[in-house]
Amino acid sequence: MAALVGIATLAVYLVIDRVRGHSRLRHIPGPFWAGWTDIWMLSAQLSGRMCFLLAEANDKYGKVPGPIAKIAPGWVVCGDGDELRRIWGVRSAWQRSYWYRGLRFDPHKDNAFSTLDDQAHERLRSKLMPGYGGKDVDDLHDQIDKQVAGLVSLLETKYLSTDTEFRPVDLARKVQYFTLDVISALAFGKELGYLAADDDLHGYIKTTESTLPIMLATALVPWFLYTIQSPRLKWLIPNVRSIVGIGTVVGVAYDAVAERYGDEPLVKRDMLGSFVRHGLTKEEAEAETVVQIIAGSDTSATAIRSTLLFIITNPRVYRRLQAEIDEGVREGRISSPITDAEARELPYLQAVIREGLRMWPPATAVLPKVSNTDQVVCGVRIPAGTNVAWAPFSFLRSKKTFGDDAIVFRPERWLHVESDPARHRLMDQTVMMEFASGSRWECLGKTVAQIELNKTYVELLRRFDFSLVDPTKPWTSYNAAVFIQSDMNVVVTLRE
Ligand code: HEM
Ligand SMILES: *[C@@H]1O[C@H](CO)[C@@H](O)[C@H](O)[C@H]1NC(C)=O
């Protein structure tokens, strides 16, 4: 009897809770089920197409007065660039929502991503910034050059096809080996060695690919997240270090950290050395090395892969970019390898980099912000406590900002607006939102990522030609906050 009463009470409570949740956001349109349950949002996350479904929801339901749609009880998605920039502003009323706690890699320890408290986050960022910005790191550019050379050499020695030999290569993988080696070299002064081994060392990539989708789905279920992060369940939940794959890489990172603390600490001028110098505790440094590897590898790998895919499937762009590079080399404006400063002077390259980022933003997690007071976004009332997610594919393909052909890859659009500085600025600002612009949450790895981009396309395209093995199946791409991409099989040939 008591059990029955209990169940009945719970059922009534759940119904009331749903009805209340529904009525709070009743004035905002969205998919029908999103008004009542999390199922729409969860299945979108698990479908591997979340970023596209959010943009579609904005298109379909968010016409009037602006691109905003309901995606679950207590959740909306906003696709308006101006509004998002306002939300991210320094003194706005918005904070990171509880979702970010799902980005703890150790269920009991915060890192730069999972720190919700604005002030604690700001303090942490100020200690991390000098390292990420490169000022405290010796030979930042040389270190990246060395890894670019490693990528070139891997393709040159093992994957060149000729008239008589066919050696297709999954470029998606090799590019990730490259970004993993870059970030580890900068982070703790020694690359993990993916390019040299030409192998998914320790099964790290395989493991992150299978754990990230689950982790990101968990972040959407607060009660579940709360449970697994509960100190009382510590004995039950595996430690990051014990998960095969991630654990091994985390182990390497933790060992690097261990050397820097203690009685006779190793002092080095790398990012970790900078963190130590700016007062990170050993535990904090451990957490941040994991962040570096996870935040710094998939993202820039996706930028490089997708931009390369757009280049090699657009002959006009491909020819023009290669011509710009060849001319620069001929006229001595491009060293070997190209410097960051030289890359800045190649207008078409810069247009291609921006257009590539625009077409395929690498970091698409929902990144929800909340306010503890009622707010207005896109002209509609957002009740206090509502999660406001972003939809990068909405504002990056906005016709208003980029023109009627916003859905196509056309780097020329960046050159043509140079006569209209205000327009150019808006376009640039909009693309740079991919790094979460503003001073509160901006990507700390932006400089590193941009150096990688400024160099990689040039060093590859000055030497090689690329074509898809099967243009009807260019790659496999699964969206789980970052993109999980593979099977980008290409034929690489040497240019004469
Ligand atoms: C094209 C490549 C990249 C893109 C598009 C990108 C994008 C982003 C975005 C959108 C955020 C903000 C998340 C939020 O709202 O909290 C972020 C944060 C961050 N990114 Fe990146 N990222 C890239 C590359 C990198 C690289 C190479 C590194 C490491 C060297 C890195 C390290 C970080 C860190 C540490 C944060 C956390 C900042 C904080 O919470 O204060 N990212 N990134
Ligand atoms: C890469 O090129 C861009 C030009 O668009 C330039 O603004 C930037 O300073 C270069 N390097 C870095 C690290 O961002």
Side-chain angles (χ1 to χ4, degrees), residues 144-145 147-149 151-152 155-156 159-161 169 171-172 174-175 178-179 300-362 396 402-403 405-419 424 427-428 431-432 434 449-469 471 474-475 485 488-496:
I144 298 177
D145 285 343
Q147 308 311 326
V148 177
L151 175 62
V152 166
L155 296 179
E156 216 154 40
Y159 298 106
L160 276 188
S161 290
V169 54
L171 203 55
K174 310 307 168 191
V175 165
F178 162 70
T179 56
S300 35
T302 295
I304 296 171
R305 291 166 185 148
S306 42
T307 304
L308 278 174
L309 180 59
F310 282 105
I311 295 170
I312 64 187
T313 51
N314 280 278
R316 188 195 72 255
V317 177
Y318 195 155
R319 275 196 302 269
R320 185 162 174 189
L321 179 59
Q322 243 170 6
E324 186 182 67
I325 295 169
D326 293 351
E327 197 184 305
V329 171
R330 222 172 22 247
E331 294 174 359
R333 287 183 284 112
I334 298 181
S335 322
S336 191
I338 187 167
T339 66
D340 196 68
E342 289 166 346
R344 261 176 249 172
E345 304 301 320
L346 300 177
Y348 198 67
L349 170 70
Q350 291 306 329
V352 167
I353 292 175
R354 279 181 176 62
E355 189 71 350
L357 285 170
R358 187 181 75 81
M359 291 307 291
W360 208 269
L396 290 170
F402 295 102
D405 65 349
I407 58 163
V408 302
F409 178 73
R410 192 172 62 85
E412 286 76 5
R413 77 177 79 252
W414 294 90
L415 307 176
H416 297 159
V417 294
E418 246 147 34
S419 53
H424 190 270
M427 284 168 54
D428 194 48
V431 165
M432 289 305 151
E434 279 175 46
Q450 286 191 302
I451 299 174
E452 289 178 297
L453 304 185
N454 279 353
K455 290 173 185 275
T456 309
Y457 311 129
V458 173
E459 291 306 308
L460 292 178
L461 292 172
R462 73 195 286 177
R463 292 181 174 81
F464 307 123
D465 268 322
F466 296 87
S467 60
L468 290 166
V469 170
W475 64 11
Q485 296 171 321
M488 185 175 163
N489 297 310
V490 300
V491 175
V492 187
T493 50
L494 206 55
R495 298 180 63 200
E496 60 268 6

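Only this structure's heavy atoms are used, side chains among them; waters, hydrogens and symmetry mates stay out.
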Problem set entry | Worked check of side-chain contact (heavy atoms from CB on, under 4.5 Å) between Asp465 and Gln322 | CA-CA 10 Å; Asp465 268 322; Gln322 243 170 6; 3.0 Å; yes
Exercise. What's the verdict on side-chain contact (heavy atoms from CB on, under 4.5 Å) for Met427 and Met432, showing C-alpha distance, side-chain angles and the deciding distance?
Worked result: CA-CA 9 Å; Met427 284 168 54; Met432 289 305 151; over 6 Å; no
For this session: Apply side-chain contact (heavy atoms from CB on, under 4.5 Å) to Leu160 and Thr493, showing your working.
Result: CA-CA 5 Å; Leu160 276 188; Thr493 50; 5.7 Å; no
Problem set entry | Full working for side-chain contact (heavy atoms from CB on, under 4.5 Å) between Arg354 and Asp428 | CA-CA 8 Å; Arg354 279 181 176 62; Asp428 194 48; 2.6 Å; yes
Problem set entry | side chain to side chain donor-acceptor pair (under 3.5 Å) evaluation trace for Gln350 with Trp414 | CA-CA 9 Å; Gln350 291 306 329; Trp414 294 90; over 6 Å; no
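Between Thr456 and Val458 the shortest side-chain heavy-atom distance does not fall below 4.5 Å. The shortest distance between side-chain heavy atoms of Val490 and Trp475 does not fall below 4.5 Å. Pro362 is listed as a side-chain neighbour of Leu357, based on a closest heavy-atom distance under 4.5 Å. In this structure the side chain of Val169 reaches within 4.5 angstrom of the side chain of Val492, judged on heavy atoms. Residues Val152 and Phe178 fail the side-chain proximity criterion, which asks for heavy atoms closer than 4.5 Å. Contact of the Met359 side chain with the Arg410 side chain is not registered, since no non-hydrogen atoms from C-beta on lie closer than 4.5 Å. By the 4.5 Å heavy-atom criterion applied to side chains, Thr302 and Gln485 are counted as neighbours. The closest side-chain heavy-atom distance from Trp360 to Leu309 is not below 4.5 Å.
Scanning all heavy atoms of the two residues, the minimum distance from Ile338 to Arg462 falls at N-NH1, 4.1 Å. The two residues Ser419 and His416 make their nearest non-hydrogen contact at OG-O, 3.6 Å.
Using a cutoff of 4.0 Å between basic side-chain nitrogens and carboxylate oxygens, Asp326 and Arg330 are not scored as salt-bridged. Salt-bridge formation is not detected for the pair Lys455/Asp340: no Lys NZ or Arg NE/NH1/NH2 atom is positioned less than 4.0 Å from an Asp or Glu carboxylate oxygen. Residues Glu331 and Arg333 are paired through a salt bridge, judged by an N-O separation under 4.0 Å between the basic side chain and the carboxylate. For the pair Arg413 and Glu355, the salt-bridge criterion is met [side-chain N within less than 4.0 Å of a carboxylate O]. The pair Arg463-Glu459 meets the salt-bridge criterion, since a charged nitrogen lies less than 4.0 angstrom from a carboxylate oxygen. Under 4.0 Å is where a charged nitrogen must lie from a carboxylate oxygen, and between Glu434 and Arg358 no such pair does.
In this structure, CD1 in Ile304 is found 15.0 Å from NZ in Lys174, a value given to the nearest 0.5 Å. A distance of 8.0 Å separates OG of Ser306 from CE of Met488, quoted to the nearest 0.5 Å. Here the CD1 atom belonging to Ile312 is positioned 12.5 Å from the CG atom belonging to Leu321, to the nearest 0.5 angstrom. Between the CD1 atom in Ile311 and the CG atom in Leu461 there is a gap of 5.5 Å [rounded to 0.5 Å]. Here the CG-CD distance, from Leu151 to Glu156, works out to 10.5 Å after rounding to the nearest 0.5 Å. The distance from atom CG of Leu171 to atom CG of Leu155, rounded to the nearest 0.5 Å, is 6.5 Å.
No hydrogens or angles considered: nothing links the side chains of Thr179 and Glu452 as a donor-acceptor pair under 3.5 Å. Glu342 and Asn454 form no side-chain donor-acceptor contact under 3.5 Å, judged by distance and modelled atom types alone.
At least one test fails for Arg495 against the ring of Phe464: distance under 6.0 Å to the centre or angle within 45° of the axis.
Using a distance-only test at 3.5 Å, with no hydrogens or angles considered, a donor-acceptor pair links the side chain of Asn314 to the main chain of Phe310. Under a 3.5 Å cut-off, the side chain of Glu324 and the backbone N or O of Tyr348 do form a donor-acceptor pair. Under the 3.5 Å distance criterion, the side-chain polar atoms of Tyr457 are left unmatched by any main-chain donor or acceptor of Thr307.
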